[in-house]
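Okay, so here's the structure we're looking at.
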Amino acid sequence: GDAWEFNYTTFHSSSVADSDPLKDDEFGNANATLLAAFRPSLVVDDTRDRIFNSVRVTSANPDAVYNADNYSLGYTRNVTYIESVRDGFKGNFKYTFNTAVPLTLKTGLGRTEQSRRNYGRTQNITFAGEDGVAGVNAASGRTDDRLSRFLSTGSISGFDASGNRRPFVLDLRALAKSYKEQPQLWSYDVYTNALNTLTGSYKAAETIDAGYAMGESTWRNFHLLAGVRGEETKVKATALLRDQPTATAAQIPDPTARAVFNAGRLITRTGTYDNYFPSAHLNYKIRPNLQARSSYSTGISRPGYGFLISATNINDITDTITTSNPNLKPQTADSYDLSLEYFSEPAGVISVGLFRKDIRDYITSTIGTVESGNPFGEQYVGYQLRTSVNGGNAKVQGVEFNLVQQLNFIPRSVGLFTFKGNLTILRAEGTFGGNTRLSSGEVPNFVPRAWNIVGEYAKGKFSLLARYNQQAPFLVGANANPNLATRNPQREKIDVNFTYRWRKEAQIFFAIDNLTEQPFYQLVGLGDRQFASATWAGSRRFNFGVQGKF
C-alpha cells in the first residue's frame, strides 16, 4: 500500500577564530624600507629572462641596498577574534503512492539562524632603536636602528639564476622576541591602533525561514524530479556610524579619547528579502549504457557579512556618505544543463555537456545622491552617497567533455591503469554589475578554457596518480587604461601523488605539487609591451602523512 515517513534534524554549531601572531611567537608582517639617502639608480635587463629580469645598481655605492642597517622597519600586527554561532532545524514529510506509475511527494520546513561577532585590530608598530627615533635622527643626522641585529643566520647569499644578487632575510622570531622583551625600542601609534580596534569590530545576524515541495516519478525510461523552494531572509547588523567631523590632536590631545570620538557611534540596521527557487531534472535512458540528462535549476549567492554590516562614514568636508547596504539582495541564477553519457565496461564513461547560467542582481558599487527620508538625517540631503547595490546581469555558457577509461588491454598482472581527461570551454557576456557590456576576455578572473589529463596506476596496496593541468590566459584586473590591465598568461602544472595502503583503515601518502617547478606570474600591459607585475618562483612543494578512518 501507500507509505509515508517523517524525519527531522536539529543542529547547533559554534566556533571561535582567535589569531594573534605574538601568541604563536610569530611577528606578523614586517616591512623594511630603504632610507632615502641610500635609494639607488637601477638598470633592469630583460634580455636574459623576460619574466625574472636582472637588476643592476648604478649608484656610487651599489652595496648599500644589501646592508640591513640602511633600512627602517615597520610592523603590522593583525589581531582577529571571530565568534560564529549557527542553529536550526529541518523537518521533512514524504508520501509514496503505490500506483501503476510510482509517485513520491515530499515537503518540509526549516529555519537557520547564524550570527557573527567580529573583533578586529590592526596595530602599526615601528622599530625606533635606542634613540627612540625611527630611521634617521634629525638631531644626529644618522640612524641607530641597526637592523643587522635581526638578520637570519640562514640568510641566502650570492646570486640567483637570473643574475640578481639575493637580499638579506630578517629573522621574524628575533623580531617578535625583541618586541616582547625590549618594548622600549619600539614606537607604538596609540591613536591609529585605538581607532583600528574600534572600526574593526561589528555584529551581524541572519535568519532564513524556508519551505519546499517536490515530486518524483519514474515512467518507462523517464525519471522526473521537480519542485520549488521558498525562503525568507532577515538580516540585522550593528557597526559604527561616523557622522561628525574628525577631531584633530589639538582639539582632543589624548589619542585614545580622540580615537573614540572619531570612530563614531553604533547603529543597527535591518533588511528582509524573499526568494523562490523552482527546479526540474529529467533523465532518459536511451539504452542500458546510454542516457541523456536535462535540468533547469535556480540558485542564490548571498551577500557576505562585509556587505551587510552597517559601517558608515559621513564626511562633511567633501559632503560624502560612504555606507554599507543591509538591504542588498542576493545574486541569483537560472541554470540550464543538457548532457549525454555513455558508460563502458567495466568502469568507464564518456560524456559531453552543454550548460548556460543567467545571472541577475550582481552586487556592485554605486555613487548616488542622498534623498529626503534617508536613515542618516535630513541635514544630509544632497550629499553624495557611496554604497553597494544590486545591478547588472551576465550570461555564462559553455561545453564540457569528460572521459574515464580503464586500460584493460594491459594485463592485470602488471597493474590497473586508468586514464581520465576533461575539458571545459566557457563564454561570458553581460554588464557584470557595471554600465558597459563585456565579453569573455574583458571579464576579470574569468578563465575561458581549462583542461586536465590524469593517469592512475594501482597494484596491490600501492597506487600512483599523475595530473597535468592547463589554464588559458585570462584578465586579472581591469583598468580604464588598457596598458595598466593585469593578466595571467597560460598556466600549466604537473602534480604527482603516491599512496600505500598498509592497513584497511589507514594509508600513507606522498604528494609532489608543481613537479616541474613551473613559475607563475602576472603581466601588466599589452602586446610586446608587457612585463611581469608579480612573480612566484614556482617552487616544488612536498606533502606527506598518514590518512585513516576509524
Side-chain angles (χ1 to χ4, degrees), residues 16-40 64-82 118-157 165-202 240 246 249 254-260 262-263 306 533-537:
V16 172
D18 190 359
S19 172
D20 184 346
L22 289 183
K23 288 183 179 179
D24 302 320
D25 290 329
E26 298 177 358
F27 195 68
N29 301 317
N31 299 292
T33 304
L34 188 65
L35 299 175
F38 301 102
R39 292 174 188 172
V65 298
Y66 302 101
N67 184 349
D69 291 338
N70 295 334
Y71 287 76
S72 62
L73 178 66
Y75 158 50
T76 301
R77 175 186 172 199
N78 294 313
V79 181
T80 58
Y81 178 89
I82 302 174
N118 187 91
Y119 168 78
R121 182 176 63 189
T122 300
Q123 295 182 314
N124 298 308
I125 305 165
T126 305
F127 185 74
E130 283 75 10
D131 64 0
V133 178
V136 176
N137 190 322
S140 63
R142 58 186 178 84
T143 177
D144 70 343
D145 295 353
R146 292 184 297 106
L147 300 189
S148 57
R149 71 182 88 187
F150 299 125
L151 284 183
S152 171
T153 56
S155 289
I156 301 173
S157 60
R165 185 172 176 179
R166 300 183 190 274
F168 59 85
V169 178
L170 296 175
D171 186 340
L172 296 184
R173 291 189 179 275
L175 296 178
K177 182 178 180 181
S178 172
Y179 179 67
K180 285 182 177 181
E181 300 178 359
Q182 301 173 300
Q184 72 278 7
L185 302 181
W186 297 81
S187 174
Y188 189 87
D189 190 337
V190 177
Y191 168 74
T192 302
N193 295 332
L195 186 63
N196 288 338
T197 299
L198 295 168
T199 57
S201 303
Y202 67 85
L240 289 167
T246 301
D254 181 78
T256 302
R258 187 166 73 255
V260 171
N262 288 339
S533 60
T535 59
W536 296 265

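This is a predicted model, so every value here is computed, not measured.
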Side chain to side chain contact (heavy atoms under 4.5 Å, CB included) between T256 and V190, worked out: CA-CA 7 Å; T256 302; V190 177; 3.7 Å; yes

Shortest non-hydrogen contact between T126 and A134, atoms and distance: CG2-CB, 3.3 Å

Separation of D171 CG from F150 CZ (nearest 0.5 Å): 9.5 Å

With S148 via side-chain hydrogen bond (donor to acceptor under 3.5 Å, both in side chains) - residues at least two apart: D69

Proximity of Y179 and F127 rings by center, below 6.0 Å: no

Heavy-atom check, side chain of P40 versus side chain of L34, under 4.5 Å: yes

Any residue meeting side-chain hydrogen bond (donor to acceptor under 3.5 Å, both in side chains) with S178, in chain and number order, not counting sequence neighbours: Q182, W186

Exercise: identify the closest heavy-atom pair between A30 and L73: CB-CD1, 4.1 Å

Residues which pass side chain to side chain contact (heavy atoms under 4.5 Å, CB included) with S201, listed by chain and number, not counting sequence neighbours: Y119

Sequence-distant partners of A128, side chain to side chain contact (heavy atoms under 4.5 Å, CB included), two or more places apart: S187

Atom pair CG (L185) and CG (D145), whose distance is rounded to the nearest 0.5 Å: 9.5 Å

Straight-line distance of L147 CG to R149 CZ, nearest 0.5 Å: 7.5 Å

By side-chain hydrogen bond (donor to acceptor under 3.5 Å, both in side chains) - contacts of N67 (at least two apart): none

All salt bridge (Lys or Arg N to Asp or Glu O under 4.0 Å) counterparts of R146, not counting sequence neighbours: E130

V260 versus L198, closest heavy-atom pair with distance: CA-CD1, 3.6 Å

Distance-minimising heavy-atom pair for G141 and V136: C-CG1, 3.6 Å

Test side chain to side chain contact (heavy atoms under 4.5 Å, CB included) applied to A64 - qualifying residues, sequence neighbours left out: F38, N61, N70

Distance, nearest 0.5 Å, that separates OG1 of T80 from CG of D18: 7.0 Å

Side-chain heavy atoms of T143 within contact of L35, under 4.5 Å: yes

R142 side chain to N137 backbone, donor-acceptor under 3.5 Å: no

Backbone of V65 reached by a side-chain donor or acceptor of Y71 within 3.5 Å: yes

Counterpart residues, side chain to side chain contact (heavy atoms under 4.5 Å, CB included), relative to N193 (two or more places apart): Q123, N124, Y188, D189, N196

